[in-house]
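Chain letters run A, B, ... following the sequence lines, proteins first, then strands; residues in each count from 1.
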Amino acid sequence: MISTVPPAFIFIIGGLLVPFIKGKWKSAYMLLIPVVGFINLISIPEGTHWVVRFLEWDLVFGRIDRLSLLFGYIFHLISFIAILYALHVKDDLQHVAGLVYAGSALGVVFAGDLFSFFVFWEMLTVSSIFLIWARRTRAAQGAGFRYLLVHAAGGLCLLAGIVLHVNQTGSIDFGYIGLNGLATYFIFFGFGINCAWPILHPWLTDAYPEATITGTIFMSAFTTKCAVYALARAFPGTESLIWIGALMTGFPIFYAVIENDLRRVLAYSLINQVGFMVCGIGIGTHLAINGAIAHVFNDVLFKALLFMSMGAVMYRTGKINGTALGGLYRTMPLTCIFCMVGAASISAFPLFSGFVSKSMVMDAAAGGHMTGVWFLLLFASAGVFHHAGIKIPFFAFFGHDSGMRPKEAPLNMLLAMGIAAFLCIFIGSFPGPLYSLLPYPVDYVPYTMPHVVGQTQLLFFSALAFSLLLLSGIYPGEQRCINLDSDWFYRKGARVFYYVMDKSFNSLCRVSDRVFVGGLAGYLGRVSRDGPTRAALLALVPAWVIGGATGEKMAVKKANLRTALRTGTSPVGITAAIATIFLVVVFLLL
Amino acid sequence: MEEKGENEKKYLFDNPRNVKILLRSFFSSLVVLLIIEFFVHKHPHFGCEGWLEFYAVYGFVACVALVLAAKYILRPIMKRREDYYD
């Protein structure tokens, strides 16, 4: 029996030590982390481990069951692939951030209590933001700040829900929650923001394409999948998730068709794929949950593969817009093939991984006679092939010849893509091993004749539509532009907010400055300076008039008095008189 | 990064013949797919799923509708200059 540790700690501590490893050992060390982590993971028996008493609560760092284990496996696997892909990067910041991020994701899926869950959940945001900022461009900086703000808002929403929930139930166990009351809605929306639900989604399409080439691979795997895990754990069978998921599969494909930045196209298709998972969790039957979780496993691989292939293109050419690319199959043939494997997998071609998992969700929807949802999912299946399956490889590797003849991707990138591509085909061809890991027993056969023919027809005729639209010139050409999304509300809204705050508070400041600093303070200064003189004149002038002082003589007396009071050299009698007047005034005022 | 040279070698799809072969095999596979359906025994969940060539028609129509909606509705509403937020 090997003594084991919480899976998250291996990555987090291992990641923080990366900067201290120098030279050629660094690559081996980084690759060893997920390997050691995986050996550790498979040595942990199912059950509850590492319960730590904190104040009066029990924190659980290892709730190991079939649901969390499957996420654990895929997170280890994709970490290995993403690290391999990033080996050429000399920036320690990215390595540390990536590994801590992966560790946080493992912390989330193995947390058995809401407190440690929340801490790891927030660590996801904090660590991943460095993968965006590490790009060190102005756009990345801005996108990173927006990412941070949106996730901070989501985190607060979740925290509010957790506090209310714990207050109501008296327990911090993280298990099935279900929608029943304000607390649970807060938690639900907190998850929803990380899950990129419609309208709450633009942090994803804003930030992922701005992250570093290698950082995006990590990002595509963890944040949304952790949210899917949280929904599967806490809200399976919640009906609203069915429609939320169905909408998620539908709306991004429209954006993806007109988007120019190919990594942003993939970001939209990421939302589309997460939609299938959310929908499956909402349906909540064993088949649907199995399908959703299997799709998580497959999506992590093929989405990473697609991001890796586009990353390789970007690494070699420095460009990622569809308008600037084209014809790269000539000199990047392997990257092109790997990209097409990813494209076939995401499109759910028979023998590729998407086919064996997406169809489970579709069949669950059909089995529940959810006609509208099923049609929407089928539309999204055709649409995803259209933008991720054809558009991505076509505009990057075929299409018009950009004239660029870049070198093939570096060896480490090719190996990482090769492993992911192999797994996409292997799982698609032999789904048995994946099915055996799913939370519930699987009684599902993906390869039936009607299913294979139906799906192939759907995809081939989508391809026909693409070809005909392209040949007829109707297909929307790529344009150098941006497309508004719901982030408009806070990107423009924040400026309106800034303007309103600027105008209202700064005006208040100016008025205050004029009234208090310039006006009142000056007045009080003058009063306290001239007050004694005026009081003395008030008392003495009548006496001088009675004494017969007039004209020049009076003026001299007044001037002497002013000088004496200013320099503090007035006769004792006058000082006493002023003090008396002052006391009388104070007495009258009070 | 290298650029396209004057006398560089011909790649796979630089030869129009290969493009033609590709397109021909694509179109013939479409025909095969349409024919093969007559020999498949279906188990439809919904009535329309059992219709002849349902998936082929749906896939084609869905994609055309998708592209037309994206091009003629979404883009005119949402398109802005690249420096819109700057």
Heavy-atom pairs under 4.5 Å with chain B are the metric here; pick the option from [options] that has the most.
options	answer
A:Phe398, A:Phe460, A:Phe385, A:Tyr475	A:Phe460
A:Gly454, A:Gly367, A:Ala382, A:Gly383	A:Gly454
A:Ser381, A:Ala366, A:Ala465	A:Ala366
A:Arg480, A:Lys407, A:His369	A:Arg480
A:Arg138, A:Gln455, A:His387, A:Gln479	A:Gln479

Counting heavy-atom pairs closer than 4.5 Å to chain A, which one of [options] comes out on top?
options	answer
B:Glu49, B:His45, B:Glu82	B:Glu82
B:His41, B:Arg81, B:Arg75	B:Arg75
B:Asp86, B:Val40, B:Leu66	B:Leu66
B:Val57, B:Val64, B:Val61, B:Leu74	B:Leu74
B:His43, B:Met78, B:Glu53	B:Met78

Main chain of [Y], side chain of [X]: is a donor-acceptor contact present, judged purely on distance under 3.5 Å?
X	Y	result
A:Arg316	A:Glu408	yes
B:Tyr11	A:Thr331	no
A:Thr317	A:Lys319	yes
A:Ser269	A:Asn272	no

Below 4.5 Å from any heavy atom of chain B, which atoms of [X] appear? Answer side chain, backbone, both or neither.
X	value
A:His451	neither
A:Leu464	both
A:Met362	neither
A:Tyr255	both
A:Asp487	both
A:Thr448	neither
A:Ala463	both
A:Trp374	side chain
A:Leu468	side chain
A:Arg495	side chain
A:Phe375	both

For [X], is it the side chain, the backbone, both or neither that has a heavy atom under 4.5 Å from a heavy atom of chain A?
X	value
B:Ile73	neither
B:Phe39	neither
B:Leu23	neither
B:Ile36	side chain
B:Phe46	side chain

> Between B:Tyr85 and A:Lys492, is any pair of side-chain heavy atoms under 4.5 Å apart?
Replying inline: yes
> Are A:Ile253 and A:His386 side-chain neighbours, meaning at least one heavy-atom pair lies under 4.5 Å?
Replying inline: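 When only atoms from C-beta onward are counted, A:His386 and A:Ile253 do not touch, as no gap falls below 4.5 Å.
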Cationic N near anionic O, under 4.0 Å, [X] to [Y]:
X	Y	value
A:Arg330	B:Asp14	yes
A:Glu210	A:Arg264	yes
B:Glu37	B:Lys42	yes

> Can you list the residues that meet the salt bridge (charged side-chain N to carboxylate O under 4.0 Å, His left out) rule with B:Lys4, with sequence neighbours excluded?
Replying inline: A:Asp401
> CG of B:Asp83 to SG of A:Cys481: how many Å apart, nearest 0.5 Å?
Replying inline: 11.5 Å
>> Rounded at 0.5 Å granularity, tell me how far CD1 in A:Ile258 sits from CG in A:Asn260.
In response: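 Answer rounded to 0.5 Å: 11.0 Å.
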>> Assess the residue pair A:Ile482 and B:Lys79 against the criterion (side chain to side chain contact (heavy atoms under 4.5 Å, CB included)); give the C-alpha distance rounded to whole Å, side-chain angles, the decisive distance to 0.1 Å, and a yes or no.
In response: CA-CA 6 Å; A:Ile482 59 159; B:Lys79 190 178 130 177; over 6 Å; no
>> For B:Glu2, give me all partners under side chain to side chain contact (heavy atoms under 4.5 Å, CB included), at least two apart in sequence or on another chain.
In response: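 Expected list: A:Arg405.
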> Is it the case that more than 12 heavy atoms not belonging to A:Ile199 sit under 6.0 Å from its CD1 atom?
Replying inline: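 12 or below, so no.
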